[in-house]
Amino acid sequence: MPPGGPDRSRRAPSGRLPRGRRLVGTMTTVRIPAGWPATEEQARAVQDELRGRVILDEPGPPVGEGRVTGVDVAYDDERDVVVAAAVVLDAATLDVVAESTAVGRVPFPYVPGLLAFREVPAVLAALDGLPCAPGLVVCDGYGLAHPRRFGLASHLGVLTGLPTIGVAKNPFTFAYEEPGTARGSSAPLLAGEEEVGRALRTRTGVKPVFVSVGHRVGADAACAHTLHLARAFRLPETTRRADALCRRALKETAA
DNA sequence: GCGACAG
DNA sequence: ATCTTGTCGC
């Protein structure tokens, strides 16, 4: 190895060179945890056991103060690769404060109701790689709104102890009445008679997002945070940032 | 039994 | 989630 570090004169074929901003922050390699569920039955048993540890009676952090972190995951199932990203924003300005990514092998197939077993190890690693405390964690998916009331946001909350909420793009199997057309309008997300979340309109006249409580945050606060984070677009800035980062990291991992 | 089903 | 071109609009 010549002085000055790796040889950068060798170039990938033109056009395959990553353009744009370089990845910043840490890039962790994830191992599938020992004892990670291998079957759907085992995974459901884990959910049934951990569900009792969810905390639902805390109001959660104040809106617009401290830090808020978005987490998301991208896949290349062909290559058995998963990349997670965690992006920390200043809650007042929504400026990016820190970023972290993690790469690993896909630990579980996609099964509705068992999404967390696919995403959690990589997300935990991405959170671990952050140089600062995450504050409130906003997940791409559900928390309480789940067949066994223990979705991704609940799972991540219990494992980390952090306050979490889930903001999903689809109603999953749940029912809801169309909320009012104005930004800020909401309607209950229902599992039969039980309210498990809210359909929340973040942009006037645009399809709502589906908010549910994860861990240590109440439903009203979860919606207030979501509205605060989704000023210019339908989705919260946290998930937009995390989504963009893990996709970019996935592409640059393949190359 | 059949279909639906966060990402 | 991912596969994918152009297209309409600010």
Side-chain angles (χ1 to χ4, degrees), chain A residues 30 37 40 43-44 46-47 50-51 54 70-87 101-124 126 137-158 164-176 188-192 194-200 202-215 219 222 226 231-236 238-254:
Chain A
V30 193
E40 298 183 22
R44 284 187 208 98
V46 170
Q47 292 180 329
L50 294 182
R51 184 178 45 222
V54 175
V71 293
D72 195 16
V73 174
Y75 300 94
D76 184 338
D77 281 295
E78 297 294 285
R79 298 187 181 189
D80 191 34
V81 172
V82 54
V83 176
V87 180
T101 53
V103 206
R105 300 179 57 169
V106 181
F108 206 86
Y110 173 67
V111 179
L114 301 178
L115 177 65
F117 295 93
R118 219 171 137 70
E119 310 214 328
V120 155
V123 170
L124 287 176
V137 177
V138 181
C139 299
D140 199 3
Y142 281 120
L144 237 202
H146 179 274
R148 286 167 297 282
R149 307 294 177 267
F150 195 73
L152 172 62
S154 321
H155 204 137
L156 196 63
V158 164
T164 62
I165 66 174
V167 180
K169 300 180 279 300
N170 297 293
F172 202 5
T173 61
F174 302 104
Y176 67 100
L189 192 61
L190 301 171
E194 181 185 357
E195 177 168 342
V196 293
R198 306 245 174 93
L200 174 66
T202 53
R203 298 208 69 191
T204 299
V206 174
K207 175 179 177 174
V209 297
F210 304 89
V211 179
S212 62
V213 160
H215 186 59
T226 302
R231 290 225 147 272
F233 300 94
R234 176 170 87 113
L235 296 178
T238 36
T239 77
R240 289 170 44 79
R241 293 320 250 265
D243 179 76
L245 179 55
C246 65
R247 290 201 208 202
R248 211 174 81 223
L250 178 64
K251 285 184 183 177
E252 296 181 17
T253 289

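Every chain is numbered from 1 and lettered A, B, ... according to where its sequence line falls, protein lines coming before strand lines.
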>> In whole Å, I'd like the distance from the CG atom of Asn170(A) to the P atom of dC5(B).
In response: 9 Å

>> Run the salt bridge (Lys or Arg N to Asp or Glu O under 4.0 Å) test on Asp140(A) and Lys169(A) for me, step by step, so that the C-alpha distance in whole Å, both residues' side-chain angles and the decisive distance to 0.1 Å come before the verdict.
In response: CA-CA 8 Å; Asp140(A) 199 3; Lys169(A) 300 180 279 300; 2.9 Å; yes

> Are the ring of Tyr75(A) and the base ring of dG7(B) both nearer than 5.5 Å at their centres and tilted by less than 30°?
Replying inline: no

>> Can you tell me which nucleotide in dG7(B), dA6(B), dA1(C) comes closest to the side chain of Leu152(A)?
In response: dA6(B)

> More than 12 foreign heavy atoms under 6.0 Å from CZ of Arg234(A): is that the case here?
Replying inline: yes

> Nearest to the side chain of Thr173(A), which nucleotide is it out of dA6(B), dA1(C), dC5(B)?
Replying inline: dC5(B)

> Roughly how many Å is it from OH in Tyr176(A) to P in dA6(B), rounded to a whole number?
Replying inline: 13 Å

> Given atom CZ of Arg118(A) and atom P of dG7(B), what is their separation to the nearest angstrom?
Replying inline: 13 Å

>> Just verifying a value: how many Å separate Phe174(A) CZ and Leu190(A) CG, rounded to the nearest 0.5 Å?
In response: 10.0 Å

> Roughly how many Å is it from NZ in Lys169(A) to C1' in dT2(C), rounded to a whole number?
Replying inline: 13 Å

>> I'd like to know whether the aromatic ring centres of Tyr176(A) and Phe210(A) sit less than 6.0 Å apart in this structure.
In response: yes

> To the side chain of Leu115(A), which of dT2(C), dC5(B), dG7(B) is closest?
Replying inline: dG7(B)

> Across the strands shown, which category fits Tyr142(A) at heavy-atom distances under 4.0 angstrom: base, sugar-phosphate, nothing?
Replying inline: base

